[in-house]
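Structure first, commentary second.
FYI, the numbering just counts along the sequence from 1. Computed from heavy atoms alone, side chains included, the values below leave out hydrogens, waters and symmetry copies.
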Amino acid sequence: MRAKRCVRTWLGLLLGMTVTVLGALTPSAPARANGPAPPSPAGPPAPDAAVVPLARLWPVGLRPSVLRGWDPPATPYARGHRGVDLAAPPGAPVRSVAAGRVSFAGRVAGRGAVAVELTGTGSPPLRTTFTPVRATVHQGDEVAAGEVLGTLEPGDAHCGTPCLHWGLRRDRTYLNPLSLLPPWLLHRDPSRLLPVTGAQP
């Protein structure tokens, strides 16, 4: 009798611990129903202090619109946006933002993807990811800042409009890719033509 009570007690404790752990890893039903939390009044998340702003250009265009910003999940398995979406037309060249080595170039779940491990960013190195991209580089290729990695593929439903999903990771930790951009590049105003004064006809 005592042995049966002991087994029931242990099973109850094990079940309670399992429910507690799963509850911590899984977003609540209201969170799933209502989608991701709205952005805070303070604006987009601040750049990661642990990331050196070593990028020399945007991966697409000169100053693309950010269609959706970085929204880190509360837990490793929770909902969130693990990168940023940049507006760009299909066929647009996708460039490496800094020097590095191509660690992946191929297809993931039917979408073209390229990943670049950035030079001089520690161990494990920072890795940028780009999807959906039709790669023109191969795994193991060394690339310079601004070198074309491929072209943006059409027909991706991630944004609802053509876009490049740009991600940044160190090992398994997702980081804000906009942290790679120095302030002069991140906040640069569009170029303006000024009138020429005193020019001779």
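Side-chain contact between Glu153 and Pro90 is absent, with no heavy-atom pair separated by less than 4.5 Å. The shortest distance between side-chain heavy atoms of Pro53 and Leu181 does not fall below 4.5 Å. Considering only heavy atoms from C-beta on, Leu152 comes within 4.5 Å of Pro132 through its side chain. With a 4.5 Å cut-off on side-chain heavy atoms, Val143 and Val102 count as touching. Counting heavy atoms from C-beta on, the side chains of Arg127 and Ser103 come closer than 4.5 Å. Side-chain contact between Pro59 and Leu86 is present, with at least one heavy-atom pair separated by less than 4.5 Å.
Summarising the geometry of Asp171 relative to Pro124, their closest heavy-atom pair is CB-CG, 3.7 Å, with the distance given to 0.1 Å. Closest of all the heavy-atom pairs between Ala135 and Val114 is CB-CG2, 3.7 Å. Across Val84 and Pro177, no two heavy atoms sit closer than the pair CG2-CG, 3.8 Å. Pro182 and Ala55 make their closest contact through CD-O, 3.3 Å (heavy atoms, listed as atom of the first residue, atom of the second, distance). The heavy-atom pair separating Arg63 from Leu186 by the smallest distance is NH2-O, 2.8 Å. Between Thr131 and Ala113, the closest heavy-atom pair is CG2-CB, 3.4 Å.
Atom CZ of Arg134 is surrounded by 12 or fewer heavy atoms from other residues, nucleotides or ligands within 6.0 Å.
With sequence neighbours excluded, the residues that form a side-chain hydrogen bond (donor to acceptor under 3.5 Å, both in side chains) with Arg101 are Glu117. Shown here are the side-chain contact (heavy atoms from CB on, under 4.5 Å) partners of Ala144, two or more places apart in sequence or in another chain: Glu147. Judged as a side-chain contact (heavy atoms from CB on, under 4.5 Å), and not counting sequence neighbours, the contacts of Pro89 are Ala92. For the side-chain hydrogen bond (donor to acceptor under 3.5 Å, both in side chains) test, no residue two or more places apart in sequence or in another chain qualifies with Asp141. Scanning for side-chain contact (heavy atoms from CB on, under 4.5 Å) contacts around Thr121 gives Leu54, Leu118, Pro125, Leu126, with sequence neighbours left out.
Results of the side-chain contact (heavy atoms from CB on, under 4.5 Å) test with Trp166 over Thr129, Val66, Val94, Leu178 single out Leu178 as the only residue that passes. Considering Leu185, Leu180, Leu164, Val97 in turn, Leu185 is the only one that fulfils the side-chain contact (heavy atoms from CB on, under 4.5 Å) rule with Trp58.
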Query raised in the report: Would Thr161 and Leu67 satisfy side-chain contact (heavy atoms from CB on, under 4.5 Å), going step by step from the backbone distance to the final call?
Result: CA-CA 9 Å; Thr161 185; Leu67 300 176; 3.6 Å; yes
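Proximity of a side-chain donor or acceptor of Thr136 to a complementary backbone N or O of Leu149 within less than 3.5 Å is detected. Between the Arg68 side chain and the Gly83 main chain, no donor and acceptor come within less than 3.5 Å of each other. A side-chain donor-acceptor contact under 3.5 Å links Ser96 to the backbone of Ala98. In terms of modelled atom types and a separation under 3.5 Å, the side chain of Arg95 and the main chain of Leu57 share no donor-acceptor contact. When atom types are taken as modelled, the side chain of Arg107 and the backbone of Gly110 share a donor-acceptor pair closer than 3.5 angstrom.
Applying the salt bridge (charged side-chain N to carboxylate O under 4.0 Å, His left out) rule to pairs touching residues 173-186 yields nothing, sequence neighbours excluded.
Taking Ile, Leu, Val, Met, Phe, Trp and Tyr as members and joining any whose side-chain heavy atoms lie under 4.5 Å apart, directly or through other members, the hydrophobic cluster of Val108 also contains Phe104.
Put simply, CG on Asp85 and OG on Ser65 are 12.0 Å apart, with the number rounded to the nearest 0.5 Å.
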